[in-house]
**Student:** 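Got a structure for you, questions after.
Residue numbers start from 1 in every chain, and the chains themselves are labelled A, B, ... in the order their sequence lines are given, proteins ahead of strands. What you are looking at is a predicted structure, and each value in this text was computed from that prediction instead of being measured.
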There are 2 protein chains.
Amino acid sequence: MKTINLTTQRQAVYDVVREAEDHPTAADVMNRLVERGHSFAYGTVYNSLRYLTDKEMIRELKLGETASRYDARTDDHQHIVCEVCGKVGEVMTPMPEEWLAKVAEETGYEVHEAHIVVEGVCAECRSKRKR
Amino acid sequence: MKTINLTTQRQAVYDVVREAEDHPTAADVMNRLVERGHSFAYGTVYNSLRYLTDKEMIRELKLGETASRYDARTDDHQHIVCEVCGKVGEVMTPMPEEWLAKVAEETGYEVHEAHIVVEGVCAECRSKRKR
DNA sequence: TTTCAATTTAGAATAAGTATAAATCTATTT
DNA sequence: AAATAGATTTATACTTATTCTAAATTGAAA
Ligand SMILES: [Mn+2]
Ligand SMILES: [Mn+2]
Ligand SMILES: [Zn+2]
Ligand SMILES: [Zn+2]
């Protein structure tokens, strides 16, 4: 079944994620909904995020922080997190297919996908650190 | 200060992690301690795991599940998780340096390290699936 | 309209982990 | 040996993120 039922609340949640520049958490989404004059139940926001994730309209990101983040970009890409300020950037450079092939060979697993979280220091934090 | 103070409880926690074959969670560690006749406070197990991690005697793994796992292998490697049975395998094939360099160039971040979680289906689950 | 399934709501429940303050252990000084 | 002081452990309370539950609401179809 690929029919998608976008209720008012699901559409509003989707809009927030789609218009975000920063991979918001569920709590971020909640706050932005309130800013836009909505007041949905907490559970509804979680349900909507899950629904949209299931329908592959958004992606859920586990970046090793306590809370999941959400991303309206569903094309294949990875993420990089600043160890200083926590900013999350996009990594579009594709993972070499050959690495995945080697991993499949090494482990005997049938490999489906890789989630990569790169850690480092962003340009701003680096220049602040300099002085 | 690199002095390491291994109390009874820290040593016992370390032993459990070192002798485990399966990247145990804190709860797993707790259970195995009880099996070995120990009965430490829950907080002590968490404190010990954190202490050992800080001293780099073990590593904490965030594999996108709800609970962290712990690994006595501290050499550079990655992990692969079976989507069916949840088994966690080691990935020793190193990520090409050149990929990390490209990511640094693309993002402007100073890249420190990459945490990779590969998802797929392990050999056993694949053969079970066949019939 | 009536009906029925899907959805939303408010709030309780759960899971993992952290914080706190008192008790205990351990090493050092007297 | 006794006293002191710092580190550690313990029991328990707390926090945070998320899921569950049961009742109320919505909205499409009959
Ligand atoms: Mn992204
Ligand atoms: Mn490992
Ligand atoms: Zn930064
Ligand atoms: Zn498996």
**Student:** Could you check how far CG of A/D28 sits from C1' of D/dA17, rounded to whole Å?
**Tutor:**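 Atom-to-atom, A/D28 to D/dA17, this comes out as 13 Å.
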
**Student:** Any non-hydrogen side-chain atom of B/L100 less than 4.5 Å from a side-chain atom of B/K102?
**Tutor:**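 The answer is no, as the side chains (C-beta and beyond) never meet within the 4.5 Å cut-off.
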
**Student:** Could you pick out which residue, B/N47 or B/A67, lies toward the 5' side of DNA chain C when each is mapped onto its nearest nucleotide?
**Tutor:**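 Comparing both residues, the 5'-ward one is B/A67.
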
**Student:** Could you tell me whether A/R32 and A/D22 have a side-chain N and a carboxylate O separated by less than 4.0 Å?
**Tutor:**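 Counted as a salt bridge, because a side-chain N and a carboxylate O are separated by less than 4.0 Å.
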
**Student:** Do the side chains of B/R129 and A/E110 get close enough for a salt bridge, i.e. N-O under 4.0 angstrom?
**Tutor:**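 Yes, this pair counts.
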
**Student:** Is a side-chain donor-acceptor pair under 3.5 Å present for B/H115 with B/Q78?
**Tutor:**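 No, because no side-chain N or O of B/Q78 sits under 3.5 Å from a partner of the opposite role on B/H115.
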
**Student:** OH of A/Y51 versus P of C/dT7: gap in Å, rounded?
**Tutor:**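 Distance, rounded to whole Å: 6 Å.
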
**Student:** Whole Å only: how far is the CZ atom of A/R50 from the P atom of D/dA17?
**Tutor:**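 Taking atom P of D/dA17 as the reference, CZ of A/R50 is at 17 Å.
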
**Student:** Take atom CZ of B/R10 and atom C1' of D/dT10, then tell me their distance rounded to the nearest Å.
**Tutor:**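 Checked: the CZ to C1' distance equals 14 Å.
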
**Student:** Grab the NZ-P distance between B/K62 and C/dA16 for me, whole Å please.
**Tutor:**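 Going from B/K62 (NZ) to C/dA16 (P), I get 14 Å.
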
**Student:** Respond yes when some side-chain nitrogen or oxygen of A/T66 is under 4.0 Å from OP1 or OP2 of C/dA16, and no when none is.
**Tutor:**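 So the side chain of A/T66 is outside the cut-off, no N or O lying under 4.0 Å from OP1 or OP2 of C/dA16.
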
**Student:** Using a cut-off of less than 4.0 Å, is there contact between a side-chain N or O of B/S68 and OP1 or OP2 of C/dG17?
**Tutor:**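 Checking B/S68 against C/dG17: at least one side-chain N or O falls below 4.0 Å of OP1 or OP2.
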
**Student:** Quickly work out the A/R69 CZ to D/dA17 P distance and round it to whole Å.
**Tutor:**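 Distance, rounded to whole Å: 11 Å.
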
**Student:** At 4.0 Å (heavy atoms only), tell me whether B/Y42 reaches a base, stays on the sugar-phosphate, or touches nothing.
**Tutor:**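 Nothing, no nucleic acid heavy atom in range.
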
**Student:** Within a 6.0 Å radius of atom NZ on A/K87, are there more than 12 heavy atoms belonging to other residues, nucleotides or ligands?
**Tutor:**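 Yes.
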
**Student:** Taking only the side-chain heavy atoms of A/N5 (C-beta and beyond), determine which of C/dA6, C/dG17, C/dA16 contains the nearest atom.
**Tutor:**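 Taking heavy atoms from C-beta onward, the closest nucleotide is C/dA6.
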
**Student:** In whole angstroms, how far is the P atom of D/dT16 from the CE atom of A/M30?
**Tutor:**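 Atom-to-atom, A/M30 to D/dT16, this comes out as 16 Å.
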
**Student:** Select one nucleotide: of D/dT19, C/dA16, D/dT9, the one nearest the side-chain heavy atoms of B/Y46.
**Tutor:**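 Closest of the options to the side chain of B/Y46: C/dA16.
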
**Student:** Could you please name the option among C/dT9, C/dG17, D/dT10 that lies closest to any side-chain atom of B/T44?
**Tutor:**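 Nearest to the side-chain atoms of B/T44, counting from C-beta on, is D/dT10.
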
**Student:** Among D/dT10, D/dT18, D/dA17, find the nucleotide with the atom closest to the side chain of A/A26.
**Tutor:**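 That would be D/dT18.
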
**Student:** Whole Å only: how far is the CD atom of A/Q9 from the C1' atom of C/dA6?
**Tutor:**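 After rounding, the reported distance stands at 12 Å.
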
**Student:** Have a look at B/T25 and say if it touches a base, only the backbone sugar-phosphate, or nothing, with a 4.0 Å heavy-atom cut-off.
**Tutor:**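 Nothing: the residue B/T25, judged by heavy atoms under 4.0 Å, touches no strand.
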
